Enquirer: 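Structure provided below as structure tokens; questions to follow.
Please read these numbers as outputs of a predicted model, since none were measured by experiment. Throughout, protein chains are lettered first and strands after them, A, B, ... in sequence-line order, and every chain is numbered starting at 1.
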There are 2 protein chains.
Amino acid sequence: MMYESFKLFAGVLSNRTRFDIVMLLMKKEMSVLELCSESAYEQSRVSHNLKCLLNCGFVDVEQHGRRHVYSLNHEMKDLISEIENHIQLYEARLRKCDILREET
Amino acid sequence: MMYESFKLFAGVLSNRTRFDIVMLLMKKEMSVLELCSESAYEQSRVSHNLKCLLNCGFVDVEQHGRRHVYSLNHEMKDLISEIENHIQLYEARLRKCDILREET
DNA sequence: ATATCATATGACGCATTGGTCATTTTTAAT
DNA sequence: ATTAAAAATGACCAATGCGTCATATGATAT
């Protein structure tokens with residue numbers, strides 16, 4: 001079981017589009033179009049990936065008129081910011097292994 | 001940059017074969033054949049994935065005669081056991097969302 | 001030197017994933 | 001009721017990832 005949930009978690013976030021969306025939603029809740037303009041990804045792309053995030057419990061939606069406002073699930077928010085810390089550690093370790101290129 | 005390292009980390013572990021190998025190496029260091037028999041994966045499969053794990057800094061090798069003994073990078077070991085804790089949290093959350101099926 | 005054991009590598013094929021385009025659904029405004 | 005705005009969906013295609021099979025490399029023992 002452990003693995004299924006890890007795979008789900010990792011799979012969701014190891015995609016640039018979804019990762020970016022999640023990071024945007026870390027700041028504030030947004031509608032689909034707002035996410036589009038902030039991310040510069042096209043609408044259907046954002047929608048498809050929001051659906052995925054919704055299915056996996058990463059985000060919640062609330063509908064106001066014709067805007068669907070997406071927010072990061074507040075429990076996920078905590079979890080993700082903790083993961084962020086770990087990743088920074090991991091980054092440092094990867095650099096030691098010369099896996100990651102230095103930024104230009 | 002953050003994303004690249006996350007993707008690397010997540011990508012490596014969101015594969016059943018590698019995940020299993022890592023979990024086996026959490027217990028003790030092993031040769032390729034030992035990993036094969038413990039995991040029931042065939043040799044080339046294990047080798048390919050060990051190479052990946054090696055490239056990403058997850059594991060180290062030491063050669064004794066014709067045995068190549070793989071061990072979990074000790075820094076990674078800490079990191080992974082911390083991640084394990086988070087995943088348990090995440091699992092609980094996913095269950096609340098009815099994403100994960102109950103075990104049979 | 002040859003045979004055998006342990007591991008690594010390469011090439012190929014299948015399956016999965018993800019993005020795009022076009023279209024549809026839903027809601028609000030006039 | 002029609003139009004326009006906002007979001008969702010479906011189908012298709014391209015790219016990627018992964019496992020398998022066959023083969024190669026390296027190391028030890030005889």
Side-chain angles (χ1 to χ4, degrees), chain A residues 3-25 28-73 99, chain B residues 3-25 28-73 99:
Chain A
Y3 167 71
E4 274 72 18
S5 38
F6 187 89
K7 162 131 186 149
L8 197 52
F9 186 82
V12 168
L13 254 18
S14 70
N15 165 279
R16 172 63 99 171
T17 307
R18 287 189 294 270
F19 184 85
D20 288 346
I21 290 176
V22 166
M23 288 307 142
L24 286 172
L25 294 180
K28 66 180 204 313
E29 55 177 30
M30 295 189 207
S31 70
V32 179
L33 278 193
E34 283 175 298
L35 283 168
C36 287
S37 65
E38 292 279 332
S39 68
Y41 295 135
E42 77 161 323
Q43 184 264 321
S44 70
R45 180 171 174 179
V46 171
S47 272
H48 278 304
N49 285 290
L50 279 173
K51 185 175 188 180
C52 170
L53 289 169
L54 194 58
N55 287 340
C56 298
F58 277 74
V59 301
D60 301 313
V61 214
E62 219 174 311
Q63 188 164 353
H64 294 125
R66 49 189 163 194
R67 299 181 61 222
H68 292 196
V69 177
Y70 285 84
S71 59
L72 212 52
N73 178 298
I99 305 280
Chain B
Y3 167 70
E4 274 73 18
S5 39
F6 187 90
K7 163 133 186 148
L8 196 53
F9 186 82
V12 168
L13 256 16
S14 70
N15 164 279
R16 172 64 99 172
T17 307
R18 287 188 295 269
F19 184 86
D20 288 347
I21 290 176
V22 167
M23 288 305 142
L24 285 172
L25 294 180
K28 66 181 204 312
E29 55 178 30
M30 294 189 207
S31 71
V32 179
L33 277 194
E34 284 174 298
L35 283 169
C36 287
S37 65
E38 291 279 332
S39 68
Y41 294 135
E42 77 161 326
Q43 184 265 320
S44 70
R45 180 172 174 178
V46 171
S47 271
H48 278 303
N49 285 290
L50 279 173
K51 185 175 188 179
C52 170
L53 289 169
L54 195 58
N55 287 340
C56 297
F58 276 74
V59 301
D60 301 314
V61 214
E62 219 175 310
Q63 188 164 355
H64 295 125
R66 49 189 164 193
R67 297 181 63 221
H68 293 197
V69 177
Y70 285 83
S71 59
L72 212 52
N73 178 299
I99 305 282

Enquirer: Between the protein and nucleotides 16-18 of chain C, which nitrogen or oxygen pairs are less than 3.5 angstrom apart?
Expert:
unit_1	atom_1	unit_2	atom_2	d
C/dG18	OP1	A/N15	ND2	3.4
C/dG18	OP1	A/R18	NH2	2.7

Enquirer: What are the two closest non-hydrogen atoms of B/L54 and B/D60, and how far apart are they?
Expert: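 For B/L54 and B/D60, the tightest heavy-atom pair comes out as CD1-CA, 4.1 Å.
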Enquirer: With heavy-atom distances below 4.5 Å as the criterion, would you say the side chains of B/D20 and B/L35 are in contact?
Expert: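 When only atoms from C-beta onward are counted, B/L35 and B/D20 do not touch, as no gap falls below 4.5 Å.
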Enquirer: Is there a side-chain contact between B/S47 and B/V32 (heavy atoms, below 4.5 Å)?
Expert: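 In short, these two side chains touch, coming nearer than 4.5 Å.
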Enquirer: Nearest-Å distance, CG (A/L50) to P (D/dA8)?
Expert: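 In whole Å, D/dA8 P and A/L50 CG are 7 Å from each other.
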Enquirer: If the cut-off is 4.0 Å, is B/K51 near the phosphate of C/dA8, judged by side-chain N/O to OP1 or OP2?
Expert: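 It does not, given that no N or O in the side chain of B/K51 lies less than 4.0 Å from OP1 or OP2 of C/dA8.
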Enquirer: Please state how far atom CG in A/L53 lies from atom C1' in D/dA7, giving the value in whole angstrom units.
Expert: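 Rounded to whole Å, this separation is 15 Å.
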Enquirer: For the pair B/F58 and B/I21, evaluate side chain to side chain contact (heavy atoms under 4.5 Å, CB included) and give the outcome as yes or no after the intermediate values.
Expert: CA-CA 11 Å; B/F58 276 74; B/I21 290 176; over 6 Å; no
Enquirer: Quickly work out the A/E42 CD to C/dA22 P distance and round it to whole Å.
Expert: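 Distance check: A/E42 CD to C/dA22 P gives 10 Å.
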Enquirer: Report all interatomic pairs (protein N or O, nucleotide N or O of nucleotides 1-7 of chain C) with separations under 3.5 Å.
Expert:
unit_1	atom_1	unit_2	atom_2	d
C/dC5	O2	B/R66	NH1	3.3
C/dA6	O3'	B/R66	O	3.2
C/dT7	OP1	B/V32	N	3.3
C/dT7	OP1	B/H68	N	3.2
C/dT7	OP2	B/L33	N	2.9
C/dT7	O3'	B/H68	ND1	3.0

Enquirer: Classify the angle between the aromatic ring planes of B/F9 and A/F6 as parallel (below 30°), tilted (30 to 60°) or perpendicular (above 60°).
Expert: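 Ring orientation of B/F9 relative to A/F6: perpendicular.
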Enquirer: Could you state the atom-to-atom distance from CG of A/L54 to C1' of D/dA8 in whole Å?
Expert: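 Rounded to the whole Å, the gap is 12 Å.
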Enquirer: Under 4.0 Å between a side-chain nitrogen and a carboxylate oxygen: does that hold for A/E62 and A/R67?
Expert: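 Judged by the 4.0 Å cut-off on N to carboxylate O distance, A/E62 and A/R67 do not form a salt bridge.
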Enquirer: With stacking defined as ring centroids separated by under 5.5 Å and planes differing by under 30°, is A/H48 stacked against D/dT9?
Expert: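 By the stated criterion, A/H48 and D/dT9 stack.
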Enquirer: Side chains of B/E42 and B/S44, heavy atoms from C-beta outward: is any pair under 4.5 Å?
Expert: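 The answer is yes, as the side chains (C-beta and beyond) meet within the 4.5 Å cut-off.
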Enquirer: Taking all non-hydrogen atoms of both residues into account, name the closest pair between A/G11 and A/R18 and its distance.
Expert: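 Looking at all heavy atoms of both residues, the shortest contact is O-NH2, 3.3 Å.
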Enquirer: Rounded to whole angstrom units, what separation is found between the CG atom of A/N55 and the P atom of D/dA8?
Expert: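 After rounding, the reported distance stands at 12 Å.
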